[in-house]
Asker: 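If you scroll down you'll find the structure; I have some questions about it.
Everything numeric here is computed off the predicted structure, so don't read it as measured data.
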Amino acid sequence: MPAGQDNVPVIIETSHQRSVAFGLSPTATPDFTPAGKSDLSLLIEQNRMLHTHAVPAMETLYQQIVNTHNMVILTDANGVIVHSLGDDDFLEKANRVALQPGVAWSEQSRGTNAIGTAITEKVPTLVHADQHYLAANHFLTCSAAPITDHRGNVIGVLDVSSDQRSFHKHTMALVRMSALMIENQLFSATFEDAITVHFHARPEFIGTLMEGIASFTPGGRFLSANKNGLFQLGLSFAALQSHTFSSLFGLPVSALYEHYRTASPGLLNLCMHSGVRVYGRAQLRLSNSVFQHGFTASTDHSDINAVPAQVPAPASHAANAARRLSGLRYLRTGDPQLELVIEKVNKVLGRDIPILVMGETGTGKELLAQAIHNDSPRAMGPFIAVNCASIPETLIESELFGYEDGAFTGARKKGAIGKILQANGGTLFLDEIGDMPFGLQARLLRVLQERMVTPLGSSKSITVNVELICATNHNLRERMAKGLFREDLYYRLNGLVVKLPPLRERTDLDTVVKKILATEAPDTRYTVAPDILRLFHQHKWPGNFRQLTNLLRTAIVMAGDEHEICLRHMPDDFLDDIEMTQATAASASTDRMIAAGANLEEMEQSAILKSLDAHGGNVSATARALGVSRNTIYRKVPHLK
């Protein structure tokens with residue numbers, strides 16, 4: 001039992017008084033009616049930014065408390081549950097008190113509870129056992145922390161709820177840390193056209209929950225700061241409104257831009273207005289596109305500094321959100337082959353070693369590349385993916401290297417920025433590198449060696465600093481032998497070579513299916529019927545994860561309000577493939593039995609048993625599939641009676 005249970009905290013007493021004033025009865029039966037599917041979809045859409053940035057933090061938090069009879073909950077500003085995940089046994093208990101998506105847990109509707117009270121008091125709140133106002137909720141212990149936006153307004157709540165017998169004193173600390181992580185990610189994603197500075201007196205704290213974050217206009221005028229930023233700057237939000245980047249950190253904005261023109265910009269060394277020296281890393285998410293020499297006056301006349309004519313293009317808000325949804329830890333699903341890949345990759349993160357990912361089409365090569373980027377020191381920079389097989393050979397050179405105005409007929413005015421320059425400061429992912437035109441491979445090799453890019457039609461070379469990840473489904477050594485791939489480029493790319501196993505060789509299919517279902521339908525708990533899972537294990541999956549994802553996405557739509565995906569929800573082409581696979585296997589089995597001298601009766605029995613296994617032991621389904629009666633099945637396989 002937590003401290004303070006005997007002496008009820010003031011925050012709980014005050015909340016109970018509010019609950020009485022709301023006219024709630026402690027013995028009242030809670031409302032068990034959640035929002036409908038369309039209303040829940042609308043709720044998620046209304047809280048899209050919060051939902052996008054909170055889900056990865058929730059998954060990380062859940063991994064820390066998994067199998068301890070807990071659930072992790074996200075609500076909107078009104079206490080309505082937007083998303084939840086947790087242990088199946090506890091989710092069943094939680095559903096008895098409507099602790100589920102679409103249900104409001106404000107104080108007005110549920111009385112004293114961690115979610116509603118945290119919203120009202122705007123502070124992290126623990127409500128344990130009979131501290132809950134409603135008697136129906138006394139079996140719970142709940143730790144909740146409000147999530148605030150860059151203005152300090154509560155926009156949601158992160159909560160961990162469990163059986164009160166499972167109370168642990170460290171849960172609140174985990175919830176508060178996770179809420180702060182969500183706030184920091186929301187803050188960084190809020191300002192699309194801005195300079196965002198991450199700073200701390202100790203360099204090792206940059207990129208952690210301890211860092212301060214402050215955003216400025218392109219000309220340097222202060223916009224906002226996170227909680228740790230306000231604390232380190234030592235000024236109120238109102239007082240900071242009259243400040244600039246220069247007045248707060250003792251460095252002109254022009255010097256900041258110059259710093260990030262270098263090939264390998266290190267940490268900034270800044271002196272705050274208070275005299276305290278801090279280290280910093282700036283994220284330049286500006287609407288202009290590439291570094292070039294020269295500056296132009298700011299269009300914002302309230303800004304006192306100049307801005308560069310062109311700076312690296314920022315990733316879009318959607319791309320930044322997607323980046324945070326994927327990390328190497330989310331790829332861990334228990335398959336030993338994949339574990340070995342992740343182990344190898346982790347050892348070279350941030351070491352400037354190129355990575356070459358081998359694997360069949362659809363095995364998740366780009367997903368792995370994105371996860372590598374997200375876990376690398378370059379995570380704050382752009383992730384630019386180029387599919388070398390999908391761009392026409394006549395356009396791939398201009399796509400990669402960019403071009404200046406008038407470089408060729410049909411070129412856009414003012415030219416265009418190439419993918420390599422767009423990736424400056426971040427990661428360049430070249431998918432299907434084996435399909436890159438042979439003549440272009442020499443130019444790419446030169447860029448990698450010199451770290452300089454010359455756009456088409458230009459005489460100027462621009463310094464570029466990228467981490468390189470390549471992928472292919474080809475055997476590059478075979479392509480080298482045929483004269484289709486340069487040997488010198490191959491040995492420049494294969495710093496670390498890893499191979500992703502095809503889906504048919506992986507041991508974690510059940511886990512992968514659950515993850516895909518959770519991603520495609522985050523607010524509906526779909527499961528796959530056991531007989532369908534058996535079919536999945538029999539299938540060869542020539543399209544790998546892409547095929548499985550599309551199949552499950554279709555099945556979810558077909559299932560609708562049914563929460564179990566069954567045979568009738570499967571697309572016809574999948575069923576055709578299964579029948580062909582089974583027929584091939586049956587034919588091979590028959591050939592083996594004939595060779596072994598088996599008689600007709602034994603072969604019939606073998607065919608029936610295989611069909612029974614494929615249909616999960618369902619005799620009726622087996623009879624329909626074989627075109628015989630149930631009695632025939634029982635007669636041929638007597639032990640089924």
Asker: One pair to check against side-chain contact (heavy atoms from CB on, under 4.5 Å): E121 and S15. What are the steps and the verdict?
Answerer: CA-CA 9 Å; E121 298 287 348; S15 176; 5.7 Å; no
Asker: Measure across G111 and N113 and return the closest heavy-atom pair with its distance rounded to 0.1 Å.
Answerer: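 Nearest pair, atom of G111 first, then N113: O-ND2, 2.9 Å.
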Asker: For L349 and L328: C-alpha separation, side-chain torsions, deciding distance, then whether side-chain contact (heavy atoms from CB on, under 4.5 Å) applies.
Answerer: CA-CA 11 Å; L349 285 179; L328 289 169; 4.1 Å; yes
Asker: Look at the rings of F383 and H373 and say which category their plane angle falls in: under 30° parallel, 30 to 60° tilted, over 60° perpendicular.
Answerer: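 Taking H373 first and then F383, their aromatic rings sit tilted (interplane angle of 30° to 60°).
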Asker: A quick test of your reading: do over 12 heavy atoms of other residues, nucleotides or ligands sit less than 6.0 Å from CZ of F237?
Answerer: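 For F237, atom CZ is crowded (more than 12 foreign heavy atoms under 6.0 Å).
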Asker: Over all heavy atoms of both residues, which pair between Q232 and G212 is shortest? Give the atoms and the distance, please.
Answerer: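 Smallest interatomic distance, heavy atoms only, reads NE2-N, 3.2 Å.
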Asker: One pair to check against side-chain contact (heavy atoms from CB on, under 4.5 Å): Q63 and Y330. What are the steps and the verdict?
Answerer: CA-CA 10 Å; Q63 286 175 357; Y330 297 123; 4.2 Å; yes
Asker: Checking Q46 against D76 for the side-chain contact (heavy atoms from CB on, under 4.5 Å) test, could you report, in this order, the C-alpha distance in whole Å, the side-chain angles of both residues, the deciding distance, and whether it holds?
Answerer: CA-CA 9 Å; Q46 291 170 338; D76 68 0; over 6 Å; no
Asker: Would T117 and E107 count as a side chain to side chain donor-acceptor pair (under 3.5 Å) here? Give the steps.
Answerer: CA-CA 6 Å; T117 305; E107 282 191 335; 2.8 Å; yes
Asker: Does a side-chain heavy-atom distance below 4.5 Å link M181 with M177?
Answerer: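 Side chain of M181 against side chain of M177, heavy atoms only: no contact under 4.5 Å found.
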Asker: Give every residue pair that meets the ring-ring contact (aromatic ring centres under 6.0 Å, His included) criterion with at least one member in residues 168-191, sequence neighbours excluded.
Answerer: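 Every pair satisfying ring-ring contact (aromatic ring centres under 6.0 Å, His included) with a residue in residues 168-191: H150-F191, H168-H170, F187-F191.
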Asker: What are the two closest heavy atoms between R110 and V103, and how far apart are they?
Answerer: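 Residues R110 and V103, closest heavy atoms: NH2-CG1, 3.1 Å.
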Asker: Donor-acceptor pair, T196 side chain versus Q283 backbone, under 3.5 Å?
Answerer: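 The answer is no, because no donor-acceptor pair under 3.5 Å joins these two groups.
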Asker: Looking only at heavy atoms, which two atoms of G327 and N374 are closest? And how far apart?
Answerer: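 G327 and N374 have their closest heavy atoms at N-ND2, 4.4 Å.
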Asker: Please examine the side chains of F545 and R506, heavy atoms only from C-beta on, and report whether any two atoms are closer than 4.5 Å.
Answerer: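 Side-chain contact under 4.5 Å: yes.
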Asker: Mind checking whether K514 and V528 have side chains closer than 4.5 Å, heavy atoms only?
Answerer: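 No, too far: nothing below the 4.5 Å cut-off.
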Asker: Side-chain contact test, heavy atoms from C-beta onward, threshold under 4.5 Å: evaluate it for Q337 versus V341 and give yes or no.
Answerer: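 Sidechains of V341 and Q337: no contact.
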Asker: Taking the inter-plane angle between the rings of F216 and F222 on a 0 to 90° scale, is it parallel (under 30°), tilted (30 to 60°) or perpendicular (over 60°)?
Answerer: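 Correct class here is perpendicular.
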Asker: Flag the pair L368 / T363 as yes when at least one side-chain heavy-atom distance between them is below 4.5 Å, and no otherwise.
Answerer: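 No, side chains not in contact.
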Asker: Identify the two heavy atoms, one from L223 and one from Q241, that lie closest to each other, and give their separation to 0.1 Å.
Answerer: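 Heavy atoms only, the tightest pair is O-NE2, 4.0 Å.
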Asker: Going by the side-chain hydrogen bond (donor to acceptor under 3.5 Å, both in side chains) test, name the single residue among T507, T511, D508, D510 that passes it with T333.
Answerer: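 The option that passes is D508.
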Asker: Would you please name every residue forming a side chain to side chain donor-acceptor pair (under 3.5 Å) with T148, sequence neighbours left out?
Answerer: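 For T148 the side chain to side chain donor-acceptor pair (under 3.5 Å) partners, ignoring immediate neighbours, are E183.
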Asker: Find out whether I65 and V72 are in side-chain contact, i.e. whether some heavy atom of one side chain is under 4.5 Å from a heavy atom of the other.
Answerer: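 With C-beta onward as the side chain, the pair touches.
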Asker: Just so I know, are the side chains of I119 and W105 near enough to count as touching, which here means a heavy-atom distance under 4.5 Å?
Answerer: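 Not in contact.
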Asker: Does the side chain of L551 reach to within under 4.5 Å of the side chain of M570, using non-hydrogen atoms?
Answerer: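 Side chain of L551 against side chain of M570, heavy atoms only: contact under 4.5 Å found.
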Asker: Heavy atoms only: give me the nearest S162-H69 pair and the separation to one decimal.
Answerer: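 Minimum heavy-atom contact is CB-O, 3.1 Å.
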